[in-house]
Amino acid sequence: MHPLTIIGATIGKVAHYAVSGVVGALIVKNLPVAAPAARKALVQGVAGGIVASRWLAEAAEEARLKAGDVLAEARTSLGEEAPPPSAVKVDSADHGHEH
């Protein structure tokens, strides 16, 4: 990946967090004076965000598993042995201690 892409993404994230933080601080600062309906709407919005993030995490995991299945099937069709699914590559000869 090009270094400018990484720098641009980092700057975008920092700007996003800064704006979110300022808006969040203003909301929290004014929350006690806000009408109960506004507080209820805010709570429902946050709850909706939590549900959406859980759904996205599940969808991402499902996509990762399906992609792994397709990759394993492709390797098998080429006569290669597909490695077991793992997030970490472990070398069985050197596993951190001596026997």
Side-chain angles (χ1 to χ4, degrees):
M1 191 180 314
H2 197 276
L4 290 178
T5 304
I6 296 170
I7 292 170
T10 304
I11 290 171
K13 285 181 182 181
V14 169
H16 168 75
Y17 291 137
V19 170
S20 297
V22 169
V23 170
L26 290 173
I27 289 172
V28 169
K29 181 179 174 184
N30 295 323
L31 198 56
V33 232
R39 181 181 175 93
K40 183 177 179 180
L42 181 61
V43 169
Q44 288 176 345
V46 171
I50 292 170
V51 170
S53 68
R54 288 178 183 164
W55 180 84
L56 286 173
E58 289 174 10
E61 181 64 13
E62 185 177 336
R64 184 189 70 79
L65 291 172
K66 286 181 181 180
D69 289 344
V70 169
L71 183 60
E73 187 176 341
R75 285 186 174 165
T76 302
S77 72
L78 293 174
E80 299 177 4
E81 183 177 335
S86 174
V88 180
K89 181 171 173 46
V90 177
D91 185 11
S92 60
D94 179 27
H95 53 266
H97 65 270
E98 294 184 24
H99 291 266

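Note that these values count all heavy atoms, side chains included, but never hydrogens, waters or copies made by symmetry.
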Problem - Crowding at CD, Glu81 (>12 non-hydrogen neighbours, <6.0 Å) - result: no
Practice task
Using a strict 4.0 Å threshold on nitrogen-to-oxygen distance, state whether Glu62 and Lys66 make a salt bridge.
Solution key: yes
Handout entry: Interatomic spacing from CG in Asp69 to CZ in Arg64 - rounded to 0.5 Å
Key = 10.0 Å
Practice task
Please name all residues satisfying side-chain hydrogen bond (donor to acceptor under 3.5 Å, both in side chains) with Gln44, sequence neighbours left out, ordered by chain then number.
Solution key: none
